[in-house]
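Note sheet for the following structure.
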Amino acid sequence: MNYTEAMVRYTTTLSKIAYAVYLFCDNLLWMARTGMANVNTDKWSVRAHKCWLYSVTMNLVRDIYEISRLLEANKVRSSQRKPPVSLVKLAHQNKDVFVDTLKNSCDILIPLTALGYVKLSPGIVGILGVVSSVAGIAALISPTYKLCPP
């Protein structure tokens, strides 16, 4: 809540709230599938996927904001008669933004598929999940891949 950038503060807060609601829905679904609760699993599954979609969307909005800031800084640099940095070099210098964007780009397609907005095969959804998981693990293992504030 104490982030200086308003965009980062709002998107991060909204994402975390949506993810908390997603986890509640997901745990309720788990309880229903194990017989510990009696709820409409179809209805709660849709709610869970909508919350996950909203959370990932807020994360992607934040990623786009970070990328626009990087591109703007690169533009200012090139106007000062310094050579502009290539996109590959910019991504290499800002691994945290690149990895987070990759993870969220993969993640957004999973609830979109579950909600029926996009048609992807289960194999593609599995590959997207693996790529997202590897990006998430990389951020846990090495701080250079973790976008801060989270």
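The structure displayed is predicted, hence computed values, not measured ones. In this chain, numbering begins with 1 at the start of the sequence shown.
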Separation of [Y] [atom2] from [X] [atom1] (nearest 0.5 Å):
X: L53; Y: Y117; atom1: CG; atom2: OH; answer: 7.5 Å
X: N104; Y: D63; atom1: CG; atom2: CG; answer: 5.0 Å
X: N59; Y: Y54; atom1: CG; atom2: OH; answer: 11.0 Å
X: L60; Y: T101; atom1: CG; atom2: OG1; answer: 7.0 Å
X: D107; Y: D100; atom1: CG; atom2: CG; answer: 9.5 Å
X: M36; Y: L28; atom1: CE; atom2: CG; answer: 10.0 Å

request  = Carefully, step by step, assess L71 and L87 under the rule side-chain contact (heavy atoms from CB on, under 4.5 Å).
outcome  = CA-CA 9 Å; L71 292 174; L87 288 178; 3.8 Å; yes

Using the rule that Ile, Leu, Val, Met, Phe, Trp and Tyr join whenever any side-chain heavy atoms are under 4.5 Å apart, tell me whether [X] and [Y] fall into a single cluster.
X: L128; Y: V99; value: no
X: I108; Y: Y19; value: yes
X: I110; Y: L120; value: yes
X: V56; Y: L112; value: yes
X: V8; Y: L14; value: yes

In terms of heavy-atom contacts, does [atom1] of [X] have more than 12 from other residues, nucleotides or ligands at under 6.0 Å?
X: Y22; atom1: OH; value: yes
X: N40; atom1: CG; value: yes
X: L115; atom1: CG; value: yes

ask   = Given the rule in the side-chain contact (heavy atoms from CB on, under 4.5 Å) test, do R33 and W30 qualify, once you have shown the distances and angles that lead to the verdict?
value = CA-CA 5 Å; R33 289 183 181 125; W30 175 81; 5.9 Å; no

Chi angles and distances behind the side-chain contact (heavy atoms from CB on, under 4.5 Å) call for L29, S45 = CA-CA 7 Å; L29 283 168; S45 180; 4.1 Å; yes

Would the distance check show the side chain of [X] and the main-chain N or O of [Y] forming a donor-acceptor pair, the cut-off being under 3.5 Å?
X: T34; Y: M31; result: yes
X: N74; Y: L70; result: no
X: S142; Y: A138; result: no
X: S68; Y: Y65; result: yes

inquiry  = Quick one, T13 with M58, criterion side-chain contact (heavy atoms from CB on, under 4.5 Å). Give me CA distance, side-chain angles, the key distance, then yes/no.
reply    = CA-CA 9 Å; T13 302; M58 288 295 100; over 6 Å; no

inquiry  = When you measure from the centre of the six-membered ring of W44, is the NZ or CZ of R47 closer than 6.0 Å and no more than 45° off the axis?
reply    =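 Yes, a cation-pi geometry.
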
message = I'd like to know if E66 and R69 make a salt bridge, using a cut-off of under 4.0 Å between side-chain N and carboxylate O.
response =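 Yes, E66 and R69 are salt-bridged.
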
request  = Measure across T144 and K95 and return the closest heavy-atom pair with its distance rounded to 0.1 Å.
outcome  =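 Reported closest heavy-atom pair: O-CB, 3.8 Å.
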
Closest non-hydrogen atom pair between S132 and K103, with its separation =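 Closest approach of S132 to K103: OG-CG, 3.5 Å.
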
inquiry  = Applying side chain to side chain contact (heavy atoms under 4.5 Å, CB included), can you list everything that pairs with A91, at least two apart in sequence or on another chain?
reply    =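 If we apply the side chain to side chain contact (heavy atoms under 4.5 Å, CB included) test to A91, skipping adjacent residues, the hits are F98.
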
